[in-house]
Amino acid sequence: TQLLEQSPQFLSIQEGENLTVYCNSSSVFSSLQWYRQEPGEGPVLLVTVVTGGEVKKLKRLTFQFGDARKDSSLHITAAQPGDTGLYLCAGTTGGTSYGKLTFGQGTILTVHP
Amino acid sequence: DSGVTQTPKHLITATGQRVTLRCSPRSGDLSVYWYQQSLDQGLQFLIQYYNGEERAKGNILERFSAQQFPDLHSELNLSSLELGDSALYFCASSYEGSYNSPLHFGNGTRLTVT
C-alpha cells in the first residue's frame, strides 16, 4: 500500500510569515500533485510535478519534487489570510491509473491577519 | 466553478438504507472518478470510469457500486448503509487519464447515516 505522510498536520501563522509543508513516502510516484481545499468545496489542483528534482513556482508558492520522486514540499512566502485552507498532496503511479490518486492526510493552514 | 456537478449536496438517511449519488462531469471530459473523504481516512480513491467502462478500482466496498452512462454522467450507489459510511463523497472528472489531463473535483455530497 502506498502511503503519503504530510507534515505538519496543523499550521497557524501570522500574515507575512513563510512556511513549508512536507509530503513524504517510501514509495516512488510518477507524479505528485498539490491541491488546496476550502470548506464546502472540492480540492482544487495547484500544481503537478513529474520529474525528480523539479521545482515549480506559482506566485508566492514554490513546489519541489524530490530527486528520488518519493517526497515533495510546498513553500509559501509571505503568507496571506487568503492562503488559509487545507493543503493536500497526492501521488500517482501514472499510466492508465493516473486518476487513482493516493492522498496525504492534509495540512490545515490558518494565516492570521 | 470546476464544471463538475454533484447532486444532492446533502443526504441524511438511516442505517440499512440505499442511496444514489449523481455526478455530471465537465463538458467534454471522458473520465469520472469517485473519492470518499472522512476525518479518519482522509481522501480515498474508490473507482474510475472512462467513457463508460470501469478503468481502475480502489478501496471500494462490495456494498458500493458505480456506473457511467452513455451521456457520461455517473452514479455511485451505496447500499446497506452503516454509520461508518458517513462521509463526503467527491466526484472528479478529466478529459482522459494522464498527467496532462488534470482532475477537476465537484463540491461533493455530504452523506450522514443515522
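Note that the structure is predicted; figures quoted are calculated from it, not measured. The chains referred to below are lettered A, B, ... by the order of the sequence lines, with proteins before strands, and numbering in each begins at 1.
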TODO: Determine, using the 4.5 Å side-chain heavy-atom cutoff (strictly less than), whether A/L109 and A/V47 are members of one ILVMFWY cluster.
DONE: yes
Open item on the list: Walk me through whether A/F103 and B/F45 qualify under ring-ring contact (aromatic ring centres under 6.0 Å, His included).
Closed with: CA-CA 9 Å; A/F103 277 88; B/F45 171 77; 9.9 Å; no
Open item on the list: Can you confirm whether B/Y33 sits close enough to A/L101 that some side-chain heavy atom of one is under 4.5 Å from a side-chain heavy atom of the other?
Closed with: no
TODO: Select one option (side chain, backbone, both, neither) describing which atoms of B/K9 are under 4.5 Å from chain A's heavy atoms.
DONE: neither
Open item on the list: Starting from A/I76, can I reach A/F65 by hopping between I/L/V/M/F/W/Y residues whose side chains sit under 4.5 Å apart?
Closed with: yes
TODO: Answer yes or no: does atom CD of A/E15 have more than 12 heavy-atom neighbours from other residues, nucleotides or ligands under 6.0 Å?
DONE: yes
TODO: Check each atom of A/L32 against the heavy atoms of chain B and say whether the ones under 4.5 Å are side chain, backbone, both or neither.
DONE: neither
Task: Structural part of B/Q41 lying under 4.5 Å from a heavy atom of chain A - done: backbone
Open item on the list: Nearest 0.5 Å, please: how far is CD in A/E41 from CZ in B/F90?
Closed with: 9.5 Å
- [ ] Consider only side-chain heavy atoms of I, L, V, M, F, W and Y, link residues closer than 4.5 Å, and tell whether B/Y35 and B/L21 are in one cluster.
- [x] no
- [ ] Go through the atoms of B/D40 and report whether side chain, backbone, both or neither lie under 4.5 Å from a heavy atom of chain A.
- [x] backbone
Task: Atom CG of B/L83 with >12 non-hydrogen neighbours under 6.0 angstrom - done: yes
Open item on the list: Once rounded to the nearest 0.5 Å, what's the spacing between atom NE2 of B/H104 and atom CG of A/L45?
Closed with: 7.5 Å
TODO: Would you check if B/P102 and A/T48 make a side-chain contact, meaning some heavy-atom pair closer than 4.5 Å?
DONE: no
- [ ] Please check if atom CZ in B/R110 has more than 12 non-hydrogen atoms from other residues, nucleotides or ligands closer than 6.0 Å.
- [x] no
TODO: Please indicate whether A/Q14 has more than 12 foreign heavy atoms, meaning atoms of other residues, nucleotides or ligands, lying under 6.0 Å from its CD.
DONE: yes
- [ ] Taking atom CD of A/E38 as the centre, report whether more than 12 heavy atoms of other residues, nucleotides or ligands fall under 6.0 Å from it.
- [x] yes
Task: Side-chain heavy atoms of B/L43 within contact of A/Y35, under 4.5 Å - done: no
Open item on the list: Nearest 0.5 angstrom please: A/K100 NZ to B/N59 CG, how far?
Closed with: 8.0 Å
